[in-house]
Amino acid sequence: MLTTRPRGTSDIIPGEVEAWQYLEKEIRRICREYGYSEIRTPIFEHTELFLRGVGDTTDIVEKEMYTFIDRGERSITLRPEGTASAVRAYLEDKLHAGPQPVKLYYNGPMFRYDRPQAGRFRQFHQFGVEVFGSHDPALDAEVMAMAMDFYGRLGLTGLELHINSVGCPACRPALRQKLQDFFRPHLSDLCPNCQERLEKNPLRIIDCKEGRCREAGAGAPTTFDCLCEECSSHFEAVKKHLDLLSLPYQVDYCLVRGLDYYTHTAFEIMAKDIGAQSSIGGGGRYNKLVETCGGPPTPGIGYALGLERILLAMKSQNCLIPGTSSLDVFVVTAGKAAASEAFRQLFKIRGAGISADKDYQDRSLKAQMKYAGKTGAKFVVIIGEEELARGTALIRDMNAKEQVSIVSEKVVEYLLNNLSNVLSNYQGGYKYD
RNA sequence: GUGGGUAUAGCUCAGUUGGUUAGAGCACCAGAUUGUGGCUCUGGGGGUCGUGGGUUCGAGUCCCAUUACCCACCCCA
């Protein structure tokens with residue numbers, strides 16, 4: 001083999017792609033129901049969009065971006081997440097000029113230079129939504145409920161919704177100060193990462209998973225201690241709306257997500273059965289991001305779900321996942337003269353919306369039958385010398401192991417009649433429930 | 001970026017203290033009185049033992065390096 005796929009990427013091959021198509025179909029369905037429209041943005045952007053949008057002290061920007069200089073000497077980055085592009089498009093395509101809020105969704109590949117492991121890849125796929133133009137805490141709850149609804153539709157259970165408020169520009173400076181005052185005497189007890197975070201981004205220390213940082217952080221101030229009046233009441237309203245929907249959640253005052261743009265609400269959804277990378281989705285409010293990107297003051301909120309991790313969880317929980325789709329009809333021939341007639345018949349069958357195929361390996365009739373069985377074809381149409389002479393075709397029902405002789409002109413009609421229930425299930429996707 | 005594990009046929013894996021032509025199951029292909037699938041039986045094709053060095057009379061087996069994959073740290077989806 002000349003070469004292999006780059007590290008941390010994967011091929012989605014027949015037998016697996018059906019699961020992806022199913023997810024894509026469910027994404028389109030739920031987004032339509034919740035009033036979201038799809039947006040497709042470039043897979044690469046100017047690097048500065050992510051520097052400003054995601055935040056230049058984040059791990060994503062500091063060490064995980066695929067950045068390169070293109071032939072026009074521009075610094076280009078393969079998108080590591082979807083929100084920055086959505087904000088850019090919201091401004092550039094003047095969506096802020098229309099009726100608000102603007103509810104968008106995207107679904108596509110993201111790129112981060114991480115060490116691959118279970119549930120973590122360098123090219124991975126996110127489905128996400130973004131809403132621009134509303135401060136309403138009910139929307140925060142809607143967005144979380146939608147994410148949980150999506151998991152539920154796929155059959156996933158036992159997921160945990162963790163929520164927090166990470167404050168706003170009014171109250172965060174006080175929290176930063178309190179945290180720095182608290183941790184500065186214990187600086188040497190912190191992991192090297194957090195020692196740097198103390199000045200750059202002290203909030204992240206309380207969310208650090210290192211044992212020594214957890215110990216050092218015992219009794220440390222949390223977001224809860226410093227929320228301003230507005231943040232606090234917003235958070236209470238969000239919780240109230242989650243309660244209205246009877247949506248279970250856990251408040252986690254140490255939840256600080258790794259993207260700097262969050263204000264107010266932050267949340268994360270965890271799956272326990274997919275390995276160490278248990279975060280299966282997350283999001284939050286970003287009321288300053290549009291401004292940061294050069295737009296008018298505009299509130300926003302969104303989330304992103306990792307499709308690979310969703311599939312991992314679905315496999316782990318034995319959810320129904322569509323497999324390979326099978327053929328409706330296989331055309332078998334015997335003899336050269338019959339092959340021409342069979343080839344024409346094959347196209348007539350396909351023209352009627354029936355999936356059909358034939359042998360292209362010059363196989364014997366017996367081998368063609370064997371192969372037809374493997375394709376899962378429901379019917380086999382046999383055209384040999386005898387049928388050719390009589391102007392008929394044999395149609396064999398593979399499950400019933402019975403076959404009938406049909407006049408050539410009636411073959412399509414016969415198949416349509418006998419496949420009708422199969423075809424109605426097939427239209428537009430796969431049978432999954 | 002750090003650590004641990006793995007690498008033999010298309011797939012899952014055997015391969016004894018280094019010793020002749022490297023095996024099995026599954027898969028694939030072909031047959032079982034020549035026009036009929038799944039089961040059974042018989043046969044067949046297919047492997048630079050990840051790659052590059054080294055030790056040795058001799059390396060799939062031991063040593064070093066390298067790459068990839070898996071898992072964990074970290075981070076996040």
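Order of the sequence lines sets the chain letters (A, B, ...), proteins ahead of strands, with each chain counted from 1.
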Pairs: protein N or O with nucleotides 42-47 of chain B N or O, under 3.5 Å:
none

Side chain to side chain, A:Thr67 and A:Ile76, heavy atoms closer than 4.5 Å
no
Could you tell me how far apart A:Leu156 (CG) and B:rA77 (P) are, to the nearest whole angstrom?
18 Å
Do the side-chain N or O atoms of A:Arg204 get closer than 4.0 angstrom to the phosphate oxygens (OP1, OP2) of B:rC76?
yes
If pairs are Watson-Crick or G-U with both distances under 3.5 Å, what is the dot-bracket string of RNA chain B, marking crossing pairs with [ ] and pairs to another strand with |?
(((((((..((((.....[...)))).(((((.......))))).....(((((..]....))))))))))))....
Mind checking if A:Arg79 touches a base, just sugar-phosphate, or nothing, with heavy atoms under 4.0 Å?
nothing
Pair A:Ile280-A:Leu312, side-chain contact (heavy atoms from CB on, under 4.5 Å): steps then yes or no:
CA-CA 10 Å; A:Ile280 199 171; A:Leu312 272 180; over 6 Å; no
Please work out which residues in residues 389-399 of chain A have a non-hydrogen atom less than 4.0 Å from an atom of RNA chain B and list them by number.
A:Leu394, A:Arg396, A:Met398
Would you say the base of B:rG35 and the side-chain of A:Gln368 have a donor-acceptor pair closer than 3.5 Å?
no
What is the distance, to the nearest angstrom, from the CG atom on A:Leu255 to the P atom on B:rC76?
10 Å
Give me the distances for all protein-to-nucleotides 28-32 of chain B N/O pairs that come in under 3.5 Å?
unit_1: B:rC28; atom_1: OP1; unit_2: A:Lys374; atom_2: NZ; d: 2.9
unit_1: B:rC29; atom_1: OP1; unit_2: A:Arg363; atom_2: NH1; d: 3.0
unit_1: B:rC29; atom_1: OP2; unit_2: A:Lys374; atom_2: NZ; d: 3.4

Check whether any side-chain heavy atom of A:Pro116 lies under 4.5 Å from a side-chain heavy atom of A:Arg7, and answer yes or no.
yes
Residues pairing under salt bridge (charged side-chain N to carboxylate O under 4.0 Å, His left out) where one sits in residues 364-376 of chain A, two or more places apart or in two chains, turn out to be none
With rounding to whole Å, what would you report as the distance between B:rC73 and B:rG15 at their C1' atoms?
35 Å
A:Arg257 CZ to B:rC76 P: how many Å, rounded?
8 Å
Any side-chain heavy atom of A:Arg285 within less than 4.5 Å of one from A:Val143?
no
I want to check something: taking the side chain as every heavy atom from C-beta on, are A:Leu159 and A:Met148 in contact at a cut-off of under 4.5 Å?
yes
When the C1' atoms of B:rC11 and B:rA27 are compared, how many Å lie between them, rounded to an integer?
7 Å
Nearest heavy-atom approach of A:Ser326 to A:Ser355 is O-OG, 4.1 Å
Take A:Leu49 and A:Val87 through the side-chain contact (heavy atoms from CB on, under 4.5 Å) test and state the conclusion after the steps.
CA-CA 10 Å; A:Leu49 175 67; A:Val87 171; over 6 Å; no
Among B:rC75, B:rG35, B:rC76, find the nucleotide with the atom closest to the side chain of A:Arg112.
B:rC76
Presence of A:Gln117 side-chain N/O under 4.0 Å of B:rC71 phosphate oxygens OP1/OP2:
no
Is the base of B:rC75 touched by the side chain of A:Gln277 through a donor-acceptor pair closer than 3.5 angstrom?
yes
Which part of the nucleic acid, if any, lies within contact of A:Glu308, taking any heavy atom under 4.0 Å across all strands shown: a base, the sugar-phosphate backbone alone, or nothing?
nothing
Show the distances under 3.5 angstrom between N or O atoms of the protein and N or O atoms of nucleotides 3-11 of chain B.
unit_1: B:rG3; atom_1: O6; unit_2: A:Arg115; atom_2: NH2; d: 3.2

Mind checking the C1' distance from B:rG23 to B:rU61? Whole angstroms is fine.
15 Å
Between CD of A:Glu385 and P of B:rG35 the distance, given in whole Å, is 10 Å
What does A:Ile382 touch in the nucleic acid at a heavy-atom separation under 4.0 angstrom: a base, only the sugar-phosphate, or nothing?
base
Determine the minimum heavy-atom distance between A:Tyr106 and A:Ala304, stating which atoms define it.
OH-CB, 3.7 Å
Between C1' of B:rC76 and OH of A:Tyr113, the distance in whole Å:
17 Å
Measure the distance from CE on A:Met369 to P on B:rG35 and round it to the nearest whole Å.
14 Å
For A:Glu386 and A:Ala304, take the nucleotide of RNA chain B holding the closest heavy atom to each; which residue's nucleotide lies nearer the 5' end?
A:Glu386
Distance in angstrom units between A:Tyr262 OH and B:rC76 P, rounded
10 Å
In whole Å, what separates the P atom of B:rA30 from that of B:rC39?
15 Å
Can you list, by residue number, the residues of residues 5-12 of chain A that have a non-hydrogen atom closer than 4.0 angstrom to RNA chain B?
A:Arg7, A:Gly8
Looking at every strand, decide which applies to A:Ala334 at a 4.0 Å heavy-atom threshold: base, sugar-phosphate, or nothing.
nothing
Would you indicate what A:Glu268 reaches in the nucleic acid, counting non-hydrogen atoms under 4.0 angstrom: base, sugar-phosphate, or nothing?
nothing
Atom P, compared across B:rU21 and B:rA59: separation rounded to whole Å
12 Å
Using the C1' atom as the reference point in each nucleotide, state the distance between B:rA9 and B:rA14 in Å, no decimals.
13 Å
Work out how far the P atom of B:rG3 is from that of B:rC76, and round it to whole angstrom.
22 Å
Any ring pair (Phe, Tyr, Trp, His ring centres under 6.0 Å) pairs touching residues 143-167 of chain A, not counting sequence neighbours?
A:Phe127-A:Phe150
Distance check needed: B:rC76 C1' versus A:Phe267 CZ, whole Å only.
14 Å
All pairs passing ring pair (Phe, Tyr, Trp, His ring centres under 6.0 Å) where residues 264-292 of chain A contributes a residue, at least two apart:
A:His234-A:His264, A:Tyr261-A:Tyr286
When we call it a touch if two heavy atoms are under 4.0 Å apart, what does A:Gly128 touch: a base, just sugar-phosphate, or nothing?
nothing
The answer to which of A:Ala372 and A:Leu305 contacts RNA chain B further toward the 5' end, by nearest nucleotide, is A:Ala372
Which pair of non-hydrogen atoms, one from A:Cys226 and one from A:Cys171, has the smallest distance, and what is that distance?
O-CB, 3.2 Å
Sub-4.0 Å heavy-atom contacts from residues 44-62 of chain A onto RNA chain B, ordered by number:
A:Asp59
The side chain of A:Ser279 is closest to which nucleotide in this list: B:rC75, B:rU36, B:rC76?
B:rC76
Can A:Asn201 and A:Asp260 be said to form a side chain to side chain donor-acceptor pair (under 3.5 Å), step by step?
CA-CA 9 Å; A:Asn201 195 351; A:Asp260 284 355; 3.2 Å; yes
Please collect all side-chain hydrogen bond (donor to acceptor under 3.5 Å, both in side chains) contacts where either partner lies in residues 183-193 of chain A, sequence neighbours excluded, each pair once.
A:Arg184-A:Glu199
If we take the C1' atom in both B:rA32 and B:rU36, what is their distance in whole Å?
15 Å
Can you sort out the partners of A:Tyr371 under side-chain hydrogen bond (donor to acceptor under 3.5 Å, both in side chains), two or more places apart, ordered by chain and number?
none
